[in-house]
Amino acid sequence: MGGKKGIKLIDENGLRHDGRKPDELRPIEMKVGVLANSDGSALVKFGRTHVLAAVYGPKEPIQKFVLLPDRAVLRVRYHMAPFSTSERKSPAPSRREIELSKVIREALEDIVLTNLFPRTSIDIFLEVLQADGGTRTTAITAASLALADAGIPMKALVGGVAVGKVDGVLVLDIDELEDGNGEADMPVAAAPDIGRITLFQLNGVLTREEIEKATTMAYNAIQKIVEMEKEVLRRKYLAEKEGDEK
Ligand code: ADP
């Protein structure tokens with residue numbers, strides 16, 4: 001067996017190049033309130049993929065023409081830092097970054113209760129500090145935490161993860177090597193508490209059965225990711241409460 005470029009991605013024991021089982025997530029770290037000068041912030045790490053999210057708002061934006069009379073406008077900027085990739089990335093926003101900003105916004109827009117804040121904007125800045133595959137789904141997870149940290153009401157928390165296919169095997173939370181050498185990459189974002197999938201993309205080829213299996217793998221993992229988000233927010237809330245009582 002070998003990947004597209006002859007790289008072996010599943011070994012004789014059925015393990016991946018980094019020792020993970022097919023349905024295993026990378027080590028995940030989540031922190032909220034990491035920035036002093038934003039209304040809400042979060043740093044999320046899926047293995048070597050690290051994304052920082054900063055939220056400003058709801059506020060009255062300088063450019064009034066973007067305002068909507070009945071709800072807040074959600075603005076998202078996904079950006080890869082020049083030092084985030086193995087080859088220095090140009091700091092200027094690429095087509096890919098502009099498109100990703102849009103799909104990430106769509107993954108969050110329906111979840112945020114924007115109708116509570118007419119004529120305001122909520123700005124979400126997503127900075128990829130280190131990229132090793134899955135930056136869009138990590139960015140969505142970080143954005144969800146940063147929105148909650150900013151106290152912005154949401155219908156539910158959102159999480160994301162990509163499922164891929166390497167050496168004919170469906171694998172959870174693919175990294176850059178698996179993405180670049182595998183047969184398929186399927187990023188998914190969902191709000192499991194309200195049973196919604198808010199981002200679903202497929203690069204490569206899967207059978208219908210594989211798509212169903214991959215969706216279940218992603219959805220189950222997102223349930224775990226969202227539980228982690230809740231735990232991180234709970235801990236911050238308790239720490240703040242303790243601070244207030246002192
Ligand atoms: P995602 O990060 O959501 O998986 P892609 O599938 O487009 O999005 O990218 C896969 C991975 O390829 C990224 O996470 C990153 O590690 C790498 N990558 C993407 N764009 C660049 C770039 N301009 N330079 C170097 N590596 C990149």
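The model shown is predicted, which means the values in this text are computed figures rather than measured ones. Every heavy atom of this structure was used, including side-chain atoms; hydrogens, water molecules and symmetry mates were not. Both counts, for ligands and for their atoms, begin at 1 and track the order of listing.
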Distances for all N or O pairs of ligand 1 and the protein under 3.5 Å?
residue  : atom   : partner : partner atom : Å
ligand 1 : 2 (O)  : Gly134  : N            : 3.4
ligand 1 : 2 (O)  : Thr135  : N            : 2.8
ligand 1 : 2 (O)  : Thr135  : OG1          : 2.5
ligand 1 : 3 (O)  : Thr135  : N            : 3.3
ligand 1 : 3 (O)  : Arg136  : N            : 3.0
ligand 1 : 3 (O)  : Arg136  : NE           : 2.7
ligand 1 : 4 (O)  : Gly134  : N            : 2.9
ligand 1 : 6 (O)  : Asp179  : OD2          : 3.0
ligand 1 : 7 (O)  : Arg96   : NE           : 2.9
ligand 1 : 7 (O)  : Arg96   : NH2          : 3.2
ligand 1 : 7 (O)  : Arg136  : NH2          : 3.3
ligand 1 : 8 (O)  : Arg96   : NH2          : 3.0
ligand 1 : 8 (O)  : Arg136  : NH2          : 3.0
ligand 1 : 14 (O) : Gly133  : N            : 2.8
ligand 1 : 16 (O) : Ala131  : O            : 3.4
ligand 1 : 16 (O) : Gly133  : N            : 3.2
ligand 1 : 16 (O) : Glu176  : OE1          : 2.4

Check: What residues form a salt bridge (Lys or Arg N to Asp or Glu O under 4.0 Å) with Lys241, not counting sequence neighbours?
Finding: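 For Lys241, no residue satisfies salt bridge (Lys or Arg N to Asp or Glu O under 4.0 Å) once neighbours in sequence are set aside.
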Note to self: How close do Val66 and Val73 get, counting heavy atoms only, and between which atoms?
What the structure shows: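 Heavy-atom minimum between the residues: O-CG2, 2.9 Å.
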Margin query: Would you say Glu212 and Thr215 are linked by a side-chain donor-acceptor pair, where the criterion is simply a distance under 3.5 Å?
Written below: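 Glu212 and Thr215 do not have a side-chain donor-acceptor pair below 3.5 Å.
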Margin query: Tell me whether Arg234 is salt-bridged to Glu231, with the criterion being a basic N under 4.0 Å from an acidic carboxylate O.
Written below: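 Yes, Arg234 and Glu231 are salt-bridged.
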Next item on the list: Indicate yes or no: does Arg16 engage Asp173 in a salt bridge with an N to O separation below 4.0 Å.
Entry: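 Here Arg16 does not pair with Asp173 in a salt bridge, since their nearest N and O are not under 4.0 Å apart.
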Check: Do the side chain of Gln130 and the main chain of Ser84 share a donor and acceptor less than 3.5 angstrom apart?
Finding: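 Side chain of Gln130 to backbone of Ser84: no pair is present.
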